[in-house]
Structures are given as C-alpha cells and as structure tokens.
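Fair warning: this is a prediction, and the values are worked out from it, not measured in the lab.
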Amino acid sequence: MSLLLTRRRTAVAVLTAALLVPLAACGNDDSGTDKAKDSGSSATPSDAASGAPKADLTVLAASSLTDVFKEAGAAYEKENPGTKVTFSFAGSQELAAQVKQGAPADALVTADTKTMDGLSGETGTPTVIAKNRLVIAVGEGNPEKVENLKDLSDTKLKVVLAAPEVPVGRYSQQILDAQKIAVKPVSQEPNVRAVLSKVELGEADAGLVYKTDAETAPDKVDAIDIPDAENAVASYPAATLKGSKHSEAAAAFVAWLSTPAAQKILQGAGFQQP
C-alpha cells in the first residue's frame, strides 16, 4: 500500500508540473512581448506630455500667439492636472532682452528663427511649431479701397508698421523691398498687436500684420491677402530656457506643442503646419 501511494503521489506531481509548464511559458511570452514593445518604443508627439512633471511654468511667447496660447495652455493644464502654465506675451525682441537679463522663465516661443538663434547660449534646441503669413489689415469694410501692397505707397494713406527690430516689422520691410515699394509709416510699433490696434481704432488706414492676428478681430478689421509670391513665411520656434528651475516640465510642454492636440489648436487659429 505504501509503495502504491508513493507511486500515485509521484504521478500527480509529474502531471501537475506538466500542466504548469505551458502556463508559465505563456506567461513568459506575454511578459517578453510587453518588454519588447517597451524597449522598442519611443515617445511620440501624441504622448509627449504623458506623465509630465507637475510644475508652475512661465512661458515667454510672441504677441501673435496671445489668443491661441491661452487656449493651448488651458488644454495642456487639463491634460496635466497639477501643472499651471502662465504666459508672458511681448514682441520677440522684447522677450529676447528679458532672457538676456535673466528673467525667471521656463520656455520661449518667438515669431522668427533669427531671434531664437541669437539666444542659442540661453536655450535648448529649438523646434519650429508653426508658421504664419502676412496680410494687409484695413478698417472694416475697407473704406480706403486698399487692394494690394502697391496701394500702401499712397502718401495719402496712413500706414502703420511694426518696428524693424520686431519680426513682423522685418518681414514687412522684406516684402516691401522685394516689390520695390516705398512706404512711409505714420508710426512703427513694438509688436504686431499694437499695429492691429492702430487699425482697429481707426488711427491708421492700413497695416501689415500676421494673418492670424487679423482673424482675432473680424468685426473690426478686414484682411487683404498678399499673394504667396510676394509674401513672407514666419516660423515660430519653441525652446526650453537653460535657466529654468523646472527643466523636465518645460521640456514636456515644448514637446507637447508639436503633438496633434496642440497642432489642432494652432491650425484652428489659422497657423500653418511647421
């Protein structure tokens, strides 16, 4: 009886072990697959902000991004509870001056690559997140019947431009020079929103602004399109600031600006794909 019982127990043990082997192998296969997927995967734009560190971020951004970035910031905060994004908007040249003076901030977005390139020692590697084009902004209904760039040379017309050190001012002069059009502006403003405001208030008959800025005031200004062959393309690079106290969180936000979610917001506001 003892020998028979021993044989039965041995058979049960062997059978149990045999049943467990394929189960363990199956479990190992799943685990191996997950690990292979993990090791072979890389962060994509759609999940760039996933698991972003919580922080209170300060982002210096070009004036032309005022409206769209408020929307983008709210969307980012919703995706990343515990993170707050505060924007400081100004002309790109003003933002550059702030960075050089050591203003406490975490990221920077300018309206041109020239300004960003001039801060290479202060920033991480920039990434272009959007593009833009210029239009002629005129009063609602276009009372002065402006049709094209050449009309801006009419000395009876009050034209306002951004200052030449401002990206939009530099783009404006670039396209006017290319068409050999001489314009004597009644004023030169520190940023594109100031140019738009002059036209909105009737203090100027026309001004050169970004297409996206004109679209923020559809009830106050009309936008006259400039043909692509006569226009300039503005690029918007974004970068982290080396002086940031929240470098990982800043990098996550900058990466998020290239995700489909952020691009949908930017393009919905009239910005072009980078």
Heavy-atom nearest pair, Lys156 first then Asp154, reads N-OD1, 2.9 Å
With Asp117 via side chain to side chain contact (heavy atoms under 4.5 Å, CB included) - residues at least two apart:
Thr113
Approximate separation, where rounding is to 0.5 Å, of Met116 CE and Leu95 CG
9.0 Å
Could you measure the distance from the CD atom of Glu189 to the OG atom of Ser63? Nearest 0.5 Å is fine.
11.5 Å
Salt-bridge contact Asp67-Arg193 (side-chain N to carboxylate O under 4.0 Å):
yes
Side chains of Arg170 and Lys114: closer than 4.5 Å at any heavy-atom pair?
yes
Taking CD in Glu203 as the centre, count heavy atoms belonging to other residues, nucleotides or ligands within less than 6.0 Å. Is the count above 12?
yes
Out of curiosity, Thr83 OG1 to Leu57 CG, how far, rounded to the nearest 0.5 Å?
6.5 Å
Got a sec, which residues hit side chain to side chain contact (heavy atoms under 4.5 Å, CB included) with Asp205, two or more places apart in sequence or on another chain?
Glu144, Leu157, Lys158
Beyond-backbone contact of Pro164 with Gln188, side-chain heavy atoms, under 4.5 angstrom
yes
Taking side chain as C-beta onward, heavy atoms only, is Lys198 less than 4.5 Å from Ser187?
yes
Ring geometry between Phe87 and Phe69 (parallel below 30°, tilted from 30 to 60°, perpendicular above 60°)
tilted
Taking the side chain as every heavy atom from C-beta outward, state whether Phe271 and Gln263 have any atom pair closer than 4.5 Å.
no
Heavy-atom side-chain proximity of Glu77 to Val85 below 4.5 angstrom
yes
Value rounded to 0.5 Å, distance of CD in Gln173 from CD1 in Ile175
9.5 Å
Using a 4.5 Å cut-off on heavy atoms from C-beta on, say whether the side chain of Lys150 contacts that of Gln179.
no
dist Tyr171:OH -> Leu161:CG (nearest 0.5 Å) comes out at 15.5 Å
Would you check if Glu94 and Pro190 make a side-chain contact, meaning some heavy-atom pair closer than 4.5 Å?
yes
Taking atom NZ as the centre, does Lys242 end up with more than 12 heavy-atom neighbours from other residues, nucleotides or ligands that are less than 6.0 angstrom away?
yes
Donor-acceptor pairs are to be reported for all side-chain atoms of residues 119-134 against protein atoms at under 3.5 Å, with residues two or more places apart or in another chain.
| from | atom 1 | to | atom 2 | distance (Å) |
| --- | --- | --- | --- | --- |
| Asn132 | ND2 | Thr212 | OG1 | 2.8 |
| Asn132 | ND2 | Tyr236 | OH | 3.2 |

For the residue pair Ile265 and Glu71, what are the closest heavy atoms and their distance?
CG2-CD, 3.7 Å
If I take atom CG from residue Leu208 and atom CG from residue Leu149, how far apart are they, to the nearest 0.5 angstrom?
6.5 Å
Given side chains that start at C-beta, do those of Ser92 and Asp112 come closer than 4.5 Å, heavy atoms only?
yes
